[in-house]
Amino acid sequence: MTTVATPLTTPTAPTIGFIGIGHMCSSIVEGLIASGTDPRTIIISNRTLAKAEDFATRTGVQVAENNTDLIHAVGSGIVILGVKPQQMEALMEEIRESATQASSIIVSIAAGISLITLAQWAHSSQPIARALPNVAASVRQSMTGLAYNSNVTEQARNHISQLFTAIGRTQDIEDSQFSTFSAIAGCSPAFTFEFIDSLSRAAVKNGLAKKDANFIATQAVFGSALLALNSELSVADLSNTVQSPGGTTIAGVVEMEESGFRAAVLRGVQASINRDKELG
Ligand SMILES: NC(=O)C1=CN([C@@H]2O[C@H](COP(=O)(O)OP(=O)(O)OC[C@H]3O[C@@H](n4cnc5c(N)ncnc54)[C@H](O)[C@@H]3O)[C@@H](O)[C@H]2O)C=CC1
Ligand SMILES: O=C(O)[C@@H]1CCC=N1
């Protein structure tokens with residue numbers, strides 16, 4: 001039985017389902033709604049139903065009482081699986097029969113779980129895609145990696161690609177490259193927030209108010225990223241444009257380098273890649 005959190009005058013058939021409305025899927029749904037997607041075409045389910053109902057009240061999406069109801073409501077549409085990697089096998093087992101019966105297209109966003117492993121938990125005919133978005137989906141600036149198994153039709157690929165293009169940029173990648181992709185696109189928002197917080201703290205140490213320092217550092221990082229995306233120069237060359245000979249920037253860059261900045265980033269990214277590989 002499908003329930004609706006907010007009263008609808010016209011029932012609308014959902015075309016996209018989300019199982020597990022945690023941090024990542026709620027970011028995707030927020031981004032889709034910001035892109036103009038009618039929330040009534042989205043249906044969600046969550047282990048704790050009250051969490052899904054609360055989210056639906058805020059956004060206008062529909063709620064299914066359980067995962068099987070959600071699959072039947074979506075039918076041959078797209079079902080995004082947003083549970084933790086450790087919960088994915090049990091979920092795939094739970095929805096295996098209904099997903100095949102309904103001809104649903106399954107999209108896993110779990111870190112560390114390969115298409116090959118997902119296929120082992122599904123019927124052999126099941127269309128499965130893998131997507132690795134990031135939390136900037138909520139402001140339509142995700143960087144999302146995509147891969148598909150051979151059961152996903154060209155038309156379904158286009159639907160999935162359009163869905164993630166609505167919330168940012170996408171890149172088709174090999175299943176084997178997801179660990180690396182995840183570290184520099186899925187985890188990197190956290191690395192970036194840590195960096196911004198470090199810039200901000202340094203400014204607070206020198207007397208700036210934290211709120212002002214956060215705003216200033218965040219806009220500076222945002223502007224740098226936007227410049228890098230729009231420039232024909234490499235990021236290394238762009239960095240050189242800021243480093244005047246004998247100037248303030250080179251003094252800071254040298255000190256950061258001597259303190260192991262680049263080595264720390266390389267080691268951190270490698271640790272994320274290694275952890276992702278352990279999850280599979
Ligand atoms: N948080 C992030 O930045 C990113 C997360 N991911 C992936 O997204 C997935 C979700 O991550 P988060 O949103 O951070 O986790 P989360 O813990 O915030 O959300 C998971 C949600 O799934 C629900 N859930 C668990 N088992 C369920 C079941 N059997 N049926 C229905 N709902 C169930 C939980 O109640 C929870 O609301 C993970 O696999 C993660 O690897 C991928 C890219 C980035
Ligand atoms: O650390 C996490 O659980 C998620 C997976 C990919 C990025 N962050």
Side-chain angles (χ1 to χ4, degrees), residues 2-3 17-31 43-56 58-59 61-74 79-96 98-99 104 106-115 117-118 121 128-139 141-147 163-164 167-171 173 175 177-194 268-280:
T2 300
T3 61
F18 290 84
I19 297 181
I21 196 75
H23 293 111
M24 195 56 244
C25 280
S26 52
S27 294
I28 297 172
V29 173
E30 283 162 11
I43 188 164
I44 61 172
S45 61
N46 198 73
R47 192 174 47 190
T48 311
L49 186 60
K51 185 174 175 183
E53 288 178 334
D54 181 53
F55 184 79
R58 283 187 281 119
T59 57
V61 301
Q62 302 189 52
V63 178
E65 275 180 13
N66 57 57
N67 300 335
T68 309
D69 281 359
L70 180 141
I71 300 262
H72 288 306
V74 171
V79 177
I80 298 185
L81 309 184
V83 303
K84 291 287 189 200
Q86 296 83 351
Q87 299 161 329
M88 193 56 82
E89 183 173 6
L91 176 61
M92 288 290 285
E93 192 180 328
E94 181 191 335
I95 64 170
R96 183 166 49 215
S98 49
S104 303
I106 285 177
V107 180
S108 163
I109 62 164
I113 313 285
S114 70
L115 273 178
T117 301
L118 290 163
W121 297 334
I128 306 174
R130 216 183 149 185
L132 204 297
N134 72 28
V135 285
S138 63
V139 290
Q141 291 296 337
S142 177
M143 177 70 244
T144 304
L146 293 171
L163 189 159
F164 285 100
I167 55 159
R169 297 192 182 188
T170 64
Q171 176 95 42
I173 54 168
D175 199 20
Q177 293 295 329
F178 267 80
S179 298
T180 305
F181 182 92
S182 178
I184 65 162
C187 306
S188 64
F191 303 155
T192 308
F193 300 143
E194 294 289 329
V269 169
Q270 194 60 50
S272 291
I273 293 171
N274 295 347
R275 179 67 189 131
D276 190 275
K277 288 182 173 160
E278 284 169 10
L279 290 173

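Each residue takes its place number in the sequence, starting with 1. When a ligand or atom number is given, it counts from 1 through the structure's own listing order.
Gln87 CD: more than 12 foreign heavy atoms inside a 6.0 Å radius.
Looking only at heavy atoms of the protein, atom 5 (C) of ligand 2 is closest to Ala111 CB, 3.7 Å. Scanning the protein for heavy atoms near atom 25 (C) of ligand 1, the closest one is Gln87 OE1, 3.3 Å. The protein heavy-atom contact nearest to atom 7 (C) of ligand 1 is Ile109 O, 3.2 Å. When hydrogens are left out, the protein atom nearest atom 13 (O) of ligand 1 is Met24 N, 2.8 Å; that is the closest non-hydrogen contact. Of the protein's non-hydrogen atoms, the one nearest atom 17 (O) of ligand 1 is Lys84 CE, 3.3 Å. Scanning all protein heavy atoms for the shortest distance to atom 19 (O) of ligand 1 gives Gly22 CA, 3.1 Å. Ranking protein heavy atoms by distance to atom 10 (C) of ligand 1, first place goes to Gly82 O, 3.1 Å. Looking only at protein heavy atoms, the nearest one to atom 22 (O) of ligand 1 is Gly20 CA, 3.3 Å. For atom 30 (N) of ligand 1, the nearest non-hydrogen atom of the protein is Asn67 ND2, 3.0 Å.
The N/O atoms of Thr48, backbone and side chain alike, include none that comes under 3.5 Å of an N/O atom in ligand 1. Ligand 1 has no nitrogen or oxygen under 3.5 angstrom from a nitrogen or oxygen of Val135. Of the N or O atoms in Ala111, one or more lie within a sub-3.5 Å distance of an N or O in ligand 1. Residue contacts with ligand 1: Cys25 is placed with no nitrogen or oxygen under 3.5 Å of a nitrogen or oxygen of the ligand (distance criterion only). Considering backbone and side-chain atoms alike, Asn46 places an N or O below 3.5 Å from some N or O of ligand 1. Ligand 1 has an N or O atom lying under 3.5 Å from an N or O atom of Lys51, backbone or side chain.
The closest non-hydrogen atom to atom 39 (O) of ligand 1, taken over Ile21, Ile80, Val83, Leu81, comes from Val83. With distances taken over non-hydrogen atoms, the option nearest atom 18 (O) of ligand 1 out of Met92, His23, Arg47 is His23. In this comparison of Ser108, Gly145, Pro133, the heavy atom closest to atom 43 (C) of ligand 1 sits on Pro133.
Under the 4.0 angstrom criterion, atom 7 (C) of ligand 2 counts as having a protein heavy-atom contact. For atom 2 (C) of ligand 2, the nearest protein heavy atom is 4.0 Å or more away.
The side-chain heavy atoms of Leu118 and Met88, taken from C-beta on, include a pair separated by under 4.5 Å.
For the atom pair Ile19 CD1 and Ile106 CD1, the distance stands at 7.5 Å (nearest 0.5 Å).
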